[in-house]
Asker: 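Before anything else, here's the structure in question.
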Amino acid sequence: MKWVTRSHVHVDRVACPWLIKRFIDSQAEFLFVAKSLVMETAQRENAIPFDIEGVDLGHKDGHCSFLSILEKYKITDPALQKMGEIVNAADTNHLDDDPYAAGLEILASGFSLIYPDDIKNLEEQFKVYDALYAAIKVRYK
């Protein structure tokens with residue numbers, strides 16, 4: 001399946017593809033386009049839009065898209081739920097809500113500077129999310 005969102009990935013637009021690839025659709029293909037082209041691209045490519053205003057898999061009631069995806073796909077893994085709290089705090093600028101949020105935010109900023117290409121950025125940052133998931137899985141059994 002194809003998935004589409006805004007270009008210039010940051011916290012939620014890295015966390016969501018990681019979640020999708022690892023737990024929903026291992027063959028997922030991601031498209032990154034200008035904000036104004038997301039819906040047009042979704043229709044033309046038969047892609048699922050995410051992390052864009054007004055879509056099912058976007059921000060809702062102060063919660064980030066990662067949490068919307070967990071809810072839509074009924075993912076109840078406690079480690080992923082905890083990751084959702086971290087991603088939400090980092091992505092919604094509530095860095096004091098979780099002790100890991102500021103770290104995730106600064107890493108996202110650094111990766112964007114090193115890897116301005118969104119696909120390469122995802123490839124490199126997925127390692128961060130794999131490590132975070134592994135550590136949380138042990139800690140929050």
Side-chain angles (χ1 to χ4, degrees), residues 1-39 41-141:
M1 188 69 199
K2 290 182 182 178
W3 303 73
V4 62
T5 192
R6 299 171 286 137
S7 56
H8 308 295
V9 299
H10 202 61
V11 176
D12 211 14
R13 280 170 284 139
V14 175
C16 291
W18 174 85
L19 178 63
I20 291 163
K21 265 288 215 203
R22 298 294 193 255
F23 298 93
I24 297 168
D25 178 6
S26 65
Q27 301 301 311
E29 178 183 341
F30 296 99
L31 307 172
F32 299 98
V33 299
K35 182 179 180 178
S36 63
L37 298 175
V38 171
M39 297 312 290
T41 303
Q43 188 167 16
R44 183 182 68 248
E45 297 290 333
N46 194 29
I48 299 170
F50 68 97
D51 199 36
I52 188 92
E53 189 176 321
V55 300
D56 193 33
L57 300 178
H59 283 229
K60 292 181 185 151
D61 302 321
H63 292 117
C64 68
S65 302
F66 190 94
L67 292 175
S68 294
I69 293 171
L70 288 176
E71 182 180 327
K72 166 117 178 144
Y73 290 92
K74 298 176 179 24
I75 299 173
T76 59
D77 176 343
L80 290 175
Q81 292 291 322
K82 178 59 182 169
M83 283 184 72
E85 293 172 18
I86 297 167
V87 169
N88 191 64
D91 194 62
T92 61
N93 202 27
H94 290 96
L95 301 178
D96 292 335
D97 287 358
D98 189 280
Y100 301 118
L104 197 59
E105 162 60 29
I106 198 74
L107 285 170
S109 295
F111 273 94
S112 291
L113 293 170
I114 296 169
Y115 304 106
D117 176 78
D118 289 328
I119 298 297
K120 181 66 174 170
N121 191 329
L122 286 187
E123 180 183 309
E124 296 299 324
Q125 273 200 81
F126 273 18
K127 297 169 190 171
V128 171
Y129 285 85
D130 287 338
L132 182 60
Y133 178 69
I136 290 173
K137 192 126 177 106
V138 169
R139 185 167 285 178
Y140 296 91
K141 293 180 187 181

Asker: Given side chain to side chain contact (heavy atoms under 4.5 Å, CB included), test K35 with I52 step by step and report yes or no.
Answerer: CA-CA 8 Å; K35 182 179 180 178; I52 188 92; 3.6 Å; yes

Asker: Knowing that exactly one of V38, N121, I119 qualifies, which makes a side-chain contact (heavy atoms from CB on, under 4.5 Å) with F32?
Answerer: I119

Asker: Evaluate side chain to side chain contact (heavy atoms under 4.5 Å, CB included) for K21 paired with S26, printing each intermediate quantity in order.
Answerer: CA-CA 4 Å; K21 265 288 215 203; S26 65; 5.5 Å; no

Asker: Starting from the C-alpha separation in whole Å, work towards a yes-or-no answer on side chain to side chain contact (heavy atoms under 4.5 Å, CB included) for E124 and I114.
Answerer: CA-CA 10 Å; E124 296 299 324; I114 296 169; over 6 Å; no

Asker: I want to check something: taking the side chain as every heavy atom from C-beta on, are I136 and I86 in contact at a cut-off of under 4.5 Å?
Answerer: yes

Asker: Could you go through the side chain to side chain contact (heavy atoms under 4.5 Å, CB included) check for Y115 and Q125 one step at a time?
Answerer: CA-CA 10 Å; Y115 304 106; Q125 273 200 81; over 6 Å; no

Asker: Of all the heavy-atom pairs spanning D77 and A79, show the shortest one and how long it is.
Answerer: OD1-N, 2.8 Å

Asker: Would you find more than 12 non-hydrogen atoms of other residues, nucleotides or ligands less than 6.0 Å from Q43 atom CD?
Answerer: no

Asker: The criterion is salt bridge (charged side-chain N to carboxylate O under 4.0 Å, His left out); which residues satisfy it with D51, sequence neighbours excluded?
Answerer: R6, R13

Asker: Report the residue from L80, I24, I48 that forms a side-chain contact (heavy atoms from CB on, under 4.5 Å) with I69.
Answerer: I24

Asker: Would you name the heavy atoms of S109 and H10 that are closest together and state the gap between them?
Answerer: OG-CE1, 3.4 Å

Asker: Listed by chain and number, what are the side chain to side chain donor-acceptor pair (under 3.5 Å) partners of K74, not counting sequence neighbours?
Answerer: none

Asker: Under the side chain to side chain contact (heavy atoms under 4.5 Å, CB included) rule, collect the residues that match up with E29, sequence neighbours excluded.
Answerer: K2, L31

Asker: Partners of L37 by side chain to side chain contact (heavy atoms under 4.5 Å, CB included), sequence neighbours excluded?
Answerer: V33, A34, E40, T41

Asker: CD of E53 to NE2 of H59: how many Å apart, nearest 0.5 Å?
Answerer: 10.5 Å

Asker: For W3 and A47, which heavy atoms make the closest approach, and how far apart are they?
Answerer: N-CB, 4.0 Å

Asker: Could I get the full list of side chain to side chain donor-acceptor pair (under 3.5 Å) partners for S68, not counting sequence neighbours?
Answerer: none

Asker: What is the distance from atom CZ of F50 to atom CD1 of I20, rounded to the nearest 0.5 Å?
Answerer: 5.0 Å

Asker: Mind checking the CG-CG spacing from D91 to L67? Nearest 0.5 Å is all I need.
Answerer: 9.5 Å

Asker: From M1 CE over to N46 CG, what is the distance, rounded to the nearest 0.5 angstrom?
Answerer: 5.0 Å

Asker: Run the side chain to side chain contact (heavy atoms under 4.5 Å, CB included) test against E123 and tell me which residues pass, sequence neighbours left out.
Answerer: K120

Asker: For K60, enumerate each residue passing the side chain to side chain donor-acceptor pair (under 3.5 Å) test, keeping only those at least two apart in sequence or located in another chain.
Answerer: D56

Asker: Roughly how far apart are D12 CG and T5 OG1, rounded to 0.5 Å?
Answerer: 8.5 Å

Asker: Can you check whether P49 reaches V4 side chain to side chain, under 4.5 Å on heavy atoms?
Answerer: yes

Asker: At what distance, to the nearest 0.5 angstrom, does CG of L95 lie from CG of N93?
Answerer: 5.5 Å

Asker: F23: what forms a ring pair (Phe, Tyr, Trp, His ring centres under 6.0 Å) with it, not counting sequence neighbours?
Answerer: W18, Y133

Asker: Is S112 reaching over with its side chain to a backbone N or O of V9, donor-acceptor style, under 3.5 angstrom?
Answerer: yes

Asker: Minimum heavy-atom separation for P17 and V14, please, with both atom names.
Answerer: CD-O, 3.2 Å

Asker: Tell me, please, which residues at least two apart from E85 pass salt bridge (charged side-chain N to carboxylate O under 4.0 Å, His left out).
Answerer: K82

Asker: Show every salt bridge (Lys or Arg N to Asp or Glu O under 4.0 Å) that has at least one partner inside residues 106-118, sequence neighbours left out.
Answerer: none

Asker: Which residues pass the side chain to side chain contact (heavy atoms under 4.5 Å, CB included) test with A89, not counting sequence neighbours?
Answerer: D97, D98, A101

Asker: How close do F66 and M83 get, heavy atom to heavy atom, and via which atoms?
Answerer: CE2-C, 4.1 Å

Asker: With sequence neighbours left out, what residues match Y100 under side chain to side chain donor-acceptor pair (under 3.5 Å)?
Answerer: R139

Asker: Which pair of non-hydrogen atoms, one from G84 and one from L70, has the smallest distance, and what is that distance?
Answerer: CA-CD1, 4.4 Å

Asker: Keeping the roles fixed (side chain from N88, backbone from C64), state whether a donor-acceptor pair exists under 3.5 Å.
Answerer: yes

